[in-house]
Chemist: 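What follows is a structure written as structure tokens; I'll ask about it next.
Source: prediction; values computed, not measured.
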Amino acid sequence: MRKIIIANWKMHYGPMKAGAWMRVFRRERLPKDIDIGIAIPHVSLAAARSSIGRASVPLVGAQNVFWQNEGAFTGETSPAMLKEFEVAFCLVGHSERRFFLGETDEMVAKKASALQKTGIQPIICVGENATEHKKGEALKVVKRQLLSAVKGLKGDGETAPLIAYEPIWAISTGKQASPCSPHDAKNMHEWIREILEKKFGKAGKNIRILYGGSVDPHNVADYLSTSHIDGALVGNASLDPQAFGLLCRSAVTA
Ligand code: PEP
């Protein structure tokens, strides 16, 4: 399976900084045998897109979407609007949106389905918080989030979903050794794969499962060389374009 690395800028970089980031990143030597994408704030999509031009790397993605294509939904952005920027993928259900914006499993499911109908790949984020982790509820929580999000989706074709397992207790720790080791992540990824295969049959084998949580240039190879880990979602370590370029190169030295 071809690996994929997605940068999640979160709420960083307006149009000017996004354009500058892309211009620096495009000078980086990048591996050809992995996919690379950047999840960009909506207001910076145009600037990023124009700095990338016709180049196919990196893929342009978004961090959020609404589930209707038009209407009285003040402040929201529709899948059709994202499509105008040739957005290839969009994150849904990131833990920060679930926590700060009150996104429910049901809302995540509607967003994922609307994206797929518009021809955009949803990247569905799932993961347990520290309390759930300590109580031994991780498998149960992730299963609930995942089954709800993929309920109305098809598992194959160009808009097949990607899944990002992001244990909330391992996000942005600033530590080189993430508290969720590659081995811990692998166990959860195996569980996710089992659920996907039950839901989608053969197509469930090909859905890429990314790990996210304090991935950096020093540890990325350890994650990506571990079985069942098909890619990484990278927050903090994607904010510097040269460091992110190094991370992408380090990913393939495994
Ligand atoms: C994220 O929040 O999506 C993430 C992976 O963040 P970080 O890499 O900073 O842990």
Side-chain angles (χ1 to χ4, degrees), residues 1-10 31 33-37 39 91-99 123-147 149-150 161-198 204-240 243-254:
M1 196 179 304
R2 197 175 154 88
K3 307 256 172 179
I4 182 163
I5 297 184
I6 302 287
N8 175 16
W9 286 354
K10 311 193 182 193
D33 41 4
I34 55 171
D35 293 327
I36 299 168
L91 305 181
V92 289
H94 192 280
S95 57
E96 286 150 15
R97 294 201 59 83
R98 293 181 193 257
F99 182 75
I123 301 186
I124 297 162
C125 304
V126 295
E128 79 285 2
N129 65 30
T131 313
E132 292 160 341
H133 180 68
K134 279 195 201 109
K135 281 164 85 188
E137 294 173 354
L139 297 178
K140 188 179 85 184
V141 169
V142 167
K143 183 176 184 184
R144 189 204 74 225
Q145 293 174 336
L146 184 59
L147 280 177
V150 300
L162 287 82
I163 310 300
Y165 170 56
E166 298 208 299
I168 300 171
W169 45 277
I171 289 180
S172 295
T173 58
K175 295 184 185 137
Q176 265 188 25
S178 163
C180 181
S181 69
H183 181 263
D184 298 335
K186 169 181 177 274
N187 289 340
M188 180 59 86
H189 284 219
E190 276 176 327
W191 173 240
I192 293 173
R193 177 71 65 209
E194 206 179 302
I195 297 168
L196 292 172
E197 285 185 26
K198 265 199 196 125
K205 288 188 195 302
N206 298 322
I207 293 176
R208 289 185 281 189
I209 308 172
L210 287 63
Y211 167 75
S214 302
V215 174
D216 64 23
H218 305 282
N219 64 24
V220 65
D222 296 338
Y223 286 99
L224 266 67
S225 59
T226 300
S227 58
H228 299 280
I229 301 184
D230 310 316
L233 183 55
V234 182
N236 269 346
S238 71
L239 292 179
D240 177 317
F244 187 60
L246 172 64
L247 186 151
C248 293
R249 289 192 293 280
S250 309
V252 292
T253 56

Chemist: For Val142 and Met188, work out which heavy atoms get closest and say how close.
Modeler: CG2-CE, 3.6 Å
Chemist: Which atoms form the tightest heavy-atom contact between Ile123 and Ala164, and what is the distance?
Modeler: CG2-CB, 4.1 Å
Chemist: What distance do Ile195 atom CD1 and Arg144 atom CZ have between them, rounded to the nearest 0.5 Å?
Modeler: 12.0 Å
Chemist: Go through the structure and list residues passing side chain to side chain donor-acceptor pair (under 3.5 Å) with Arg98, not counting sequence neighbours.
Modeler: Asp105
Chemist: Drop me the distance from Cys180's SG to Ile168's CD1, to the nearest 0.5 angstrom.
Modeler: 12.5 Å
Chemist: Between the main-chain N or O of Leu224 and the side-chain N or O of Lys3, is there a donor-acceptor pair closer than 3.5 Å?
Modeler: yes
Chemist: When you check the gap from the basic side-chain N to the acidic O, do Asp230 and Arg2 get nearer than 4.0 Å?
Modeler: no
Chemist: Can you confirm whether the side chains of Tyr165 and Glu128 place a donor and an acceptor under 3.5 Å from each other?
Modeler: yes
Chemist: Working to the nearest 0.5 Å, report the span between CD1 of Ile192 and CD1 of Ile163.
Modeler: 7.0 Å
Chemist: Can you list everything that forms a ring pair (Phe, Tyr, Trp, His ring centres under 6.0 Å) with Trp169? Sequence neighbours excluded, please.
Modeler: His133
Chemist: Heavy atoms only: give me the nearest Arg208-Asp35 pair and the separation to one decimal.
Modeler: NH1-OD2, 2.9 Å
Chemist: Checking Cys125 against Val92 for the side-chain contact (heavy atoms from CB on, under 4.5 Å) test, could you report, in this order, the C-alpha distance in whole Å, the side-chain angles of both residues, the deciding distance, and whether it holds?
Modeler: CA-CA 6 Å; Cys125 304; Val92 289; over 6 Å; no
Chemist: List the residues meeting salt bridge (charged side-chain N to carboxylate O under 4.0 Å, His left out) with Asp184, not counting sequence neighbours, and say none if there are none.
Modeler: none
Chemist: Sequence neighbours excluded, which residues qualify as salt bridge (charged side-chain N to carboxylate O under 4.0 Å, His left out) partners of Lys205?
Modeler: Glu197
Chemist: Show, in sequence, the C-alpha distance, side-chain angles and deciding distance for Ile4 and Leu162, and conclude whether the side-chain contact (heavy atoms from CB on, under 4.5 Å) test is met.
Modeler: CA-CA 10 Å; Ile4 182 163; Leu162 287 82; 3.9 Å; yes
Chemist: For a quick test of reading the model, state the closest non-hydrogen atom pair linking Ile171 to Lys10 and the distance between them.
Modeler: CG2-NZ, 3.9 Å
Chemist: Verify, without hydrogens or angle tests, whether Arg193 (side chain) and Gly204 (backbone) share a donor-acceptor contact under 3.5 angstrom.
Modeler: yes
Chemist: Heavy atoms only: give me the nearest Pro182-Ile229 pair and the separation to one decimal.
Modeler: O-CD1, 3.9 Å
Chemist: Keeping Glu132 on the side-chain end and Val141 on the backbone end, is there a donor-acceptor pair under 3.5 Å?
Modeler: no
Chemist: Looking at CG of Asn8 and CD of Glu96, how far apart are the two atoms once the value is rounded to the nearest 0.5 Å?
Modeler: 7.0 Å
Chemist: So Thr226 and His183, side-chain contact (heavy atoms from CB on, under 4.5 Å) or not? Walk me through it.
Modeler: CA-CA 7 Å; Thr226 300; His183 181 263; over 6 Å; no
Chemist: Drop me the distance from Asn129's CG to Glu137's CD, to the nearest 0.5 angstrom.
Modeler: 8.5 Å
Chemist: Between Phe244 and Ile36, does the side-chain contact (heavy atoms from CB on, under 4.5 Å) criterion hold? Intermediate values first, please.
Modeler: CA-CA 10 Å; Phe244 187 60; Ile36 299 168; 4.0 Å; yes
Chemist: For the CG atom of Leu139 and the CG atom of Asn187, what is their distance to the nearest 0.5 Å?
Modeler: 8.5 Å
Chemist: Given 3.5 Å as the limit, does a donor-acceptor pair link the side chain of His189 with the main chain of His228, or not?
Modeler: yes
Chemist: According to salt bridge (charged side-chain N to carboxylate O under 4.0 Å, His left out), who are the partners of Glu190, at least two apart in sequence or on a separate chain?
Modeler: Lys186
Chemist: Provide the closest heavy-atom pair for Cys248 versus Ile5 in the form atom of the first, atom of the second, distance.
Modeler: CA-CD1, 4.1 Å
Chemist: May I have the list of side-chain donor-acceptor pairs in residues 209-220 shorter than 3.5 Å, sequence neighbours left out?
Modeler:
unit_1 : atom_1 : unit_2 : atom_2 : d
Tyr211 : OH     : Ser178 : OG     : 3.2
Tyr211 : OH     : Gly213 : O      : 2.9
Ser214 : OG     : Ala170 : O      : 2.7
Ser214 : OG     : Thr173 : N      : 3.0
Ser214 : OG     : Thr173 : OG1    : 2.7
Asp216 : OD1    : His218 : N      : 2.9
Asp216 : OD1    : Asn219 : N      : 2.9
His218 : NE2    : Gln176 : NE2    : 3.4
Asn219 : OD1    : Asp216 : N      : 2.8
Asn219 : ND2    : Gln176 : O      : 3.0
Asn219 : ND2    : Ser214 : O      : 2.9

Chemist: For atom NZ of Lys143, is the number of surrounding heavy atoms from other residues, nucleotides or ligands below 6.0 Å larger than 12?
Modeler: no
